[in-house]
Each structure stands twice: as structure tokens, then as C-alpha cells.
Amino acid sequence: MPELPEVETIARGLHARVRGKRIAKVHIAWQRTVDARSLPLSELVGKQITGVGRIGKYVAIQLSGGFTLAVHLRMTGQLLVGSLERRYDSSGTGDRKHERARITFADASVLAFFDARKFGRMRLLHGDVVAQLGVGRDPLDPQLTADDLKEMLAGRRTPTKVWLLDQHRLSGIGNIYASEALFYAGIRPRRAAGKLTAIERSALLKSLRRVLRRAIRFGGSSLNDYVDSEGKQGGFQKQFAVYGRLGLPCLQCRGPVRRIVLAQRSTFYCSTCQR
DNA sequence: ATCAGCACCTGTTGGC
DNA sequence: TGCCAACAGGTGCTGA
């Protein structure tokens with residue numbers, strides 16, 4: 001479900017709402033929600049939340065004592081804050097049936113993890129979280145340069161769109177924003193990643209940053225399940241240039257948006273504007 | 001070392 | 001209404 005802008009929106013919302021809270025109780029309704037490599041979640045009891053951030057597509061809940069609870073929402077995960085009486089919904093989200101884990105705080109408020117498809121995972125870590133999670137560079141990291149991209153792309157024969165989905169190099173880009181960024185960069189999804197020119201690489205980096213930042217400003221994109229920590233939908237789905245717009249006119253040339261499948265994922269592009 | 005394909009799950013939608 | 005296939009913001013493993 002969520003890509004970088006959605007995870008960023010969720011993390012910011014959670015930061016404002018749960019920072020400083022002390023954990024009183026942890027309940028796991030679906031055991032496989034806890035990653036096999038996780039420290040036992042019973043360790044959470046008594047810890048205080050010092051902040052919430054984002055690492056790639058992980059929501060990183062920082063805890064006292066140098067621990068981090070990393071939550072990956074995968075396709076349909078939701079993290080919602082509420083109370084035991086008034087559940088998590090400002091908009092009817094948080095179906096009890098899909099509650100997989102629940103953290104109760106000392107003040108009786110609740111942070112609950114919902115996930116219809118059961119793909120989402122939580123993992124408690126200590127120490128160098130980025131290394132343990134194996135996530136790549138963040139596209140919004142100002143330190144990241146077009147030269148870094150050149151190095152990462154060198155020799156890759158895989159389609160650029162497929163390369164963008166690999167979280168070990170750049171992390172945070174998913175199926176929607178890969179198509180969107182390639183449109184703005186004027187690059188066809190199938191172009192071999194290692195064959196991009198210097199101009200194309202810098203256009204790609206610029207387009208990625210532009211589309212990710214705009215999406216964050218809109219609170220992310222909601223197709224079906226995505227909501228932020230208050231249960232609110234994002235608004236960026238109305239701004240898509242190509243994603244989900246099969247047959248509709250390209251915003252630049254009016255030609256029809258096309259759909260192909262790459263690595264079993266729908267991919268949208270304009271055959272005139274993207275070369 | 002890469003890379004394509006399937007596995008993991010459930011819910012929704014559209015065709016017949 | 002029912003049934004079935006296709007599809008969905010993701011990633012990890014397998015085997016060529």
C-alpha cells in the first residue's frame with residue numbers, strides 16, 4: 001500500500017500523537033505480524049516513545065534505551081491512534097476484524113496495527129537499524145547526488161522502472177511513484193537502467209524528488225486502504241499524470257496513456273513523451 | 001551476480 | 001445472486 005509519501009505522512013502524524021507515551025501493554029492478534037528476526041515484543045513494556053520517523057518504507061518508532069520498533073505496512077497495513085472507547089476512526093477505518101496488533105499506553109490510549117492482507121510486519125531492533133533493515137539510500141536525502149545514481153545504475157540491464165522498485169538501492173519508491181517519476185523525467189519504463197544518459201539520470205533524480213515532495217504535501221495517495229494515523233485519506237491520487245490513467249489523454253501531448261506489465265506490476269506511461 | 005516468477009493473504013470489481 | 005478470474009501502494013525466496 002504505502003510508498004514513501006504515505007509512510008512519511010503516517011510517521012509525522014504518529015510523531016505528533018504518541019511521542020512521550022509510555023507503553024503499558026502489547027497484544028498480538030496475528031502472530032506472524034511479528035517478524036521472525038524481531039526481539040520479543042514483550043520488551044516494549046515500560047519503554048517510552050521518543051519519536052517517530054521513516055526509514056525507507058518503514059515507520060520507525062523510536063523508544064527509550066536505543067530500541068526501534070520498525071513497522072512495514074506492505075500493501076494494506078494501517079497504524080491508527082485511538083482510545084479504547086472511541087476506536088480509531090474519524091472516518092470509519094479500523095475494522096476490528098483486521099486488527100493484528102495493539103499497543104496500549106499508560107494513559108490508556110491505543111496504537112493499533114490493522115492489516116487486511118496480513119502482509120505487514122513489525123520488528124523490534126536495537127542498534128544500527130538502517131543496516132539491519134537493509135534499506136538503500138533515501139531519494140529525498142540532500143546528500144544523494146546524480147553521481148551516486150550513476151554508480152548505482154552502472155551495468156544494470158534491468159528496466160529502469162523495475163530497478164526503482166528495488167529497495168536495496170534507492171528506498172521508498174513503489175509502483176505508483178515509479179511510473180509518475182519516469183513520466184516527468186521523460187524516460188520509458190523499459191529503458192535499461194544502466195543505459196540512461198547523464199542528463200536522464202539527473203532528470204530522474206529531480207523528478208523523483210519533485211513527485212515525492214508534492215505527494216507528501218497532499219498527504220499521500222489513497223486508492224483503497226491507505227489512511228494516515230488519524231484515519232484520513234490522502235489527496236495525491238487526483239494528481240496522477242499516468243498511474244491508473246489507461247487510455248486517458250496524456251497531460252502533455254493528449255495521446256493515450258498506455259499500460260504494460262513489468263515484473264508483474266502494472267506500469268503506465270506515455271509513448272510520445274517518454275523515450 | 002542478476003533476474004523472472006511465485007508465494008504470501010484478503011478484499012473488491014467486473015464479466016458471464 | 002453466484003461463481004470465477006483478474007487485480008491491488010510490497011517484498012522474500014527459489015532456481016535458472
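Below, read A as the first sequence line, B as the second, and so on, with proteins coming before strands; counting in each chain starts at 1. Only heavy atoms go into these numbers, but all of them, side chains included; no hydrogens, no water, no symmetry mates.
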Please determine whether salt bridge (Lys or Arg N to Asp or Glu O under 4.0 Å) holds for the pair A:Arg12 and A:Asp228, giving the CA-CA distance in whole Å, both sets of side-chain angles, and the decisive distance to 0.1 Å. CA-CA 9 Å; A:Arg12 287 179 188 180; A:Asp228 68 13; over 6 Å; no
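The side chain of A:Lys57 places an N or O atom within less than 4.0 Å of a non-bridging phosphate oxygen (OP1 or OP2) of C:dG10. Using a 4.0 Å cut-off, no side-chain N or O of A:Thr76 falls inside it from OP1 or OP2 of B:dC9. Put simply, A:His72 has no side-chain N or O that comes within less than 4.0 Å of OP1 or OP2 on C:dG10. For the pair A:Lys97 and B:dG11, the criterion of a side-chain N or O lying under 4.0 Å from OP1 or OP2 is met.
Put simply, A:Phe119 rests on the base of B:dC8: the two rings are less than 5.5 Å apart at their centres and nearly parallel, under 30°.
Atom CG in A:Leu262 sits roughly 20 Å away from atom P in B:dT2 (whole-Å rounding). Across the protein-nucleic acid pair, A:Asp115 atom CG and C:dG10 atom C1' stand 11 Å apart, rounded to whole Å. With rounding to whole Å, A:Asn175 atom CG is found 11 Å from C:dT11 atom P. What separates CZ of A:Arg32 from P of B:dA7 is a distance of 14 Å, to the nearest Å. For A:Met152 and B:dA1, the CE to P distance is 19 Å, given to the nearest whole Å. For the pair A:Leu246 CG and C:dA6 C1', the interatomic distance rounds to 14 Å; values are reported in whole Å. Separating the CG atom of A:Leu165 from the P atom of B:dG5 is a distance of 15 Å, rounded to the nearest angstrom. Rounded to an integer number of Å, the gap from A:Arg100 CZ to B:dC9 C1' is 9 Å.
Nucleic acid contact class of A:Arg265 (heavy atoms, under 4.0 Å, all strands): base. Base contact: A:Ser221 has a heavy atom under 4.0 Å from a base atom.
A:Glu99 pairs in a side-chain hydrogen bond (donor to acceptor under 3.5 Å, both in side chains) with only one of the listed residues (A:Arg96, A:Lys97, A:Arg102), which is A:Arg102.
For B:dC9, there is no paired base (Watson-Crick or G-U wobble, both distances below 3.5 Å).
Picking from C:dG10, B:dC8, B:dC6 the nucleotide with the shortest atom distance to the side chain of A:Gln264 gives B:dC6. Ranking B:dC9, C:dG10, C:dA8 by closeness to the A:Trp30 side chain, first place goes to B:dC9. For A:His98, the listed nucleotide lying nearest its side chain is B:dG11; candidates were B:dG11, C:dT11, B:dC8.
Side-chain N/O atoms of A:Gln274 and A:Tyr184 include no donor and acceptor closer than 3.5 Å. Counting only N and O atoms by type, the side chains of A:Thr76 and A:Tyr226 include no donor and acceptor under 3.5 Å apart. Using modelled atom types and a 3.5 Å distance limit, the side chains of A:Ser64 and A:Lys47 yield no donor-acceptor pair.
Taking atom P on both nucleotides, C:dC3 is separated from B:dC9 by 25 Å, rounded to a whole Å.
Taking for each of A:Leu133 and A:Arg117 the nucleotide of DNA chain C with the nearest heavy atom, the 5'-most of the two is the partner of A:Arg117. For the pair A:Thr158 and A:Asn224, nearest-nucleotide mapping onto DNA chain B gives the more 5' position to A:Thr158.
For A:His72 and A:Tyr58, the ring centers are positioned less than 6.0 Å apart.
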